[in-house]
Amino acid sequence: MNNRKHLVVSLLIAFALAGCAGEQAVKPSAGGGEKAAPAETAPAAGTAGPSAAELAAQKRAELLAQHRVHFAFDSSTIDDDARAIIEAHAANLVANPSINVTLEGNCDERGTREYNLALGERRAQAVEKMMKVLGVPASRIKTVSYGEEKPLCQEHNESCWRENRRVEIVYK
C-alpha cells in the first residue's frame, strides 16, 4: 500500500510541476516600465494527464472493487491496506444511506472451531468499529463469523491460509 501511496503522491507532484511549467511567461510591457503582462501560452498537445480529482476517483473505484480485508495470523488488527479499503467502503455507505452491509469474519483452518469463530467475530467487529468511527450508523452494519467454515482456498499452505484470514464486505 505504501508503494501505491508514494506512486499517487509522485504522480500528483509531477502533474503539479507540469502545470507550473505551463504557467504564463512574463514579458516586458511595451512602455518599457517595470510592469509585466502574462504571455499567452497554449498547453502542449498530448501532455494533459488525468486531474487530481480523476486520479482520486480512480483510486476510490479500485478500493471499492475490493470486498475482502485480510488479516495477519491470529490477529484482528487492521493494517494500512485494509484501512484504505474500509475507508472507501465507509465513505460509500455514508454517501448511500439506503445501503446496508454485512461483515463476514473468516479464519484459516488452524485453531479450534470455537477459537476461529471468536477470531472471525473479532475481525468483523474491528471492521465494524472503524466503519462506525467513519460515520456509518451501527444500524446499517451486521457482523457474522464463519470461522474456518467458508475457506476461499482449500490447500494447506501459507498462501492459502493468508487468503482465508479475511472479512468479506457484503452489500445488502
Side-chain angles (χ1 to χ4, degrees), residues 1-16 49-172:
M1 178 63 190
N2 287 334
N3 289 339
R4 283 193 248 158
K5 284 181 184 178
H6 292 291
L7 176 62
V8 170
V9 170
S10 298
L11 286 172
L12 291 174
I13 291 170
F15 286 126
S51 69
E54 291 169 331
L55 287 173
Q58 180 181 356
K59 178 67 174 172
R60 189 170 39 254
E62 289 172 4
L63 291 169
L64 284 173
Q66 299 178 54
H67 290 270
R68 293 183 183 124
V69 174
H70 293 276
F71 292 85
F73 174 71
D74 198 27
S75 174
S76 60
T77 302
I78 296 169
D79 65 15
D80 289 340
D81 290 338
R83 183 177 316 281
I85 294 167
I86 296 165
E87 288 171 349
H89 283 281
N92 186 50
L93 288 164
V94 168
N96 297 286
S98 63
I99 299 174
N100 294 324
V101 69
T102 299
L103 305 173
E104 301 176 347
N106 295 272
C107 299
D108 63 39
E109 65 196 50
R110 299 172 291 177
T112 66
R113 183 177 189 281
E114 294 78 19
Y115 181 82
N116 286 338
L117 282 169
L119 179 57
E121 185 65 23
R122 286 194 307 273
R123 288 174 175 167
Q125 288 173 346
V127 175
E128 175 189 34
K129 180 178 178 181
M130 185 173 176
M131 284 187 167
K132 289 193 298 190
V133 166
L134 294 168
V136 180
S139 62
R140 295 179 48 211
I141 304 170
K142 177 183 170 188
T143 63
V144 64
S145 175
Y146 291 112
E148 62 193 71
E149 301 303 316
K150 291 179 80 176
L152 291 175
C153 183
Q154 301 290 332
E155 296 174 23
H156 307 287
N157 58 49
E158 182 55 40
S159 65
C160 252
W161 293 329
R162 188 174 344 179
E163 286 298 311
N164 293 334
R165 297 188 302 256
R166 71 195 189 281
V167 167
E168 299 268 351
I169 301 169
V170 181
Y171 283 90
K172 302 287 179 176

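Residue numbers run from 1 in the order of the sequence given.
Identified under the salt bridge (charged side-chain N to carboxylate O under 4.0 Å, His left out) test for residues 84-103, with sequence neighbours left out: none. Residue pairs meeting the disulfide bond (SG atoms under 2.5 Å apart) criterion with at least one member in residues 84-129: none, sequence neighbours excluded. Within the structure, the disulfide bond (SG atoms under 2.5 Å apart) test picks out the following pairs touching residues 134-172 (sequence neighbours left out): Cys153-Cys160. The list of salt bridge (charged side-chain N to carboxylate O under 4.0 Å, His left out) pairs with a residue in residues 151-162, not counting sequence neighbours, reads Arg110-Glu158, Glu158-Arg165. Listed by first and then second residue, the salt bridge (charged side-chain N to carboxylate O under 4.0 Å, His left out) pairs involving residues 113-139 are Arg113-Glu149 (not counting sequence neighbours).
His67 contributes no side-chain N or O that, together with a main-chain N or O of Glu168, makes up a donor-acceptor pair within less than 3.5 Å. Put simply, the side chain of Asn106 gets close to the backbone of Glu104: a donor and an acceptor are under 3.5 Å apart. At distances below 3.5 Å, not a single donor-acceptor pair connects side-chain atoms of Asn96 with backbone N or O atoms of Ile99.
When side chains are defined from C-beta on, Thr102 does not count as touching Tyr171, because their heavy atoms never get closer than 4.5 Å. Annotation: side chain of Val101 is not in contact with side chain of Val170 (no heavy-atom distance under 4.5 Å).
Considering only residues two or more places apart in sequence or on other chains, Ala91 meets the side chain to side chain contact (heavy atoms under 4.5 Å, CB included) condition with none of them.
Closest of all the heavy-atom pairs between Arg140 and Leu93 is NH2-O, 2.7 Å. When every heavy atom of Leu117 is checked against every heavy atom of Ser145, the shortest pair comes out as O-OG, 2.7 Å. Of all the heavy atoms in Val69 and Ile86, the pair that sits closest is CG2-CG1, 3.9 Å.
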| task | Please step through side-chain contact (heavy atoms from CB on, under 4.5 Å) for the pair Leu103 and Lys142, ending with a clear verdict. | result | CA-CA 6 Å; Leu103 305 173; Lys142 177 183 170 188; over 6 Å; no

| said: Would Phe71 and Val167 count as a side-chain contact (heavy atoms from CB on, under 4.5 Å) here? Give the steps. | reply: CA-CA 8 Å; Phe71 292 85; Val167 167; 3.5 Å; yes

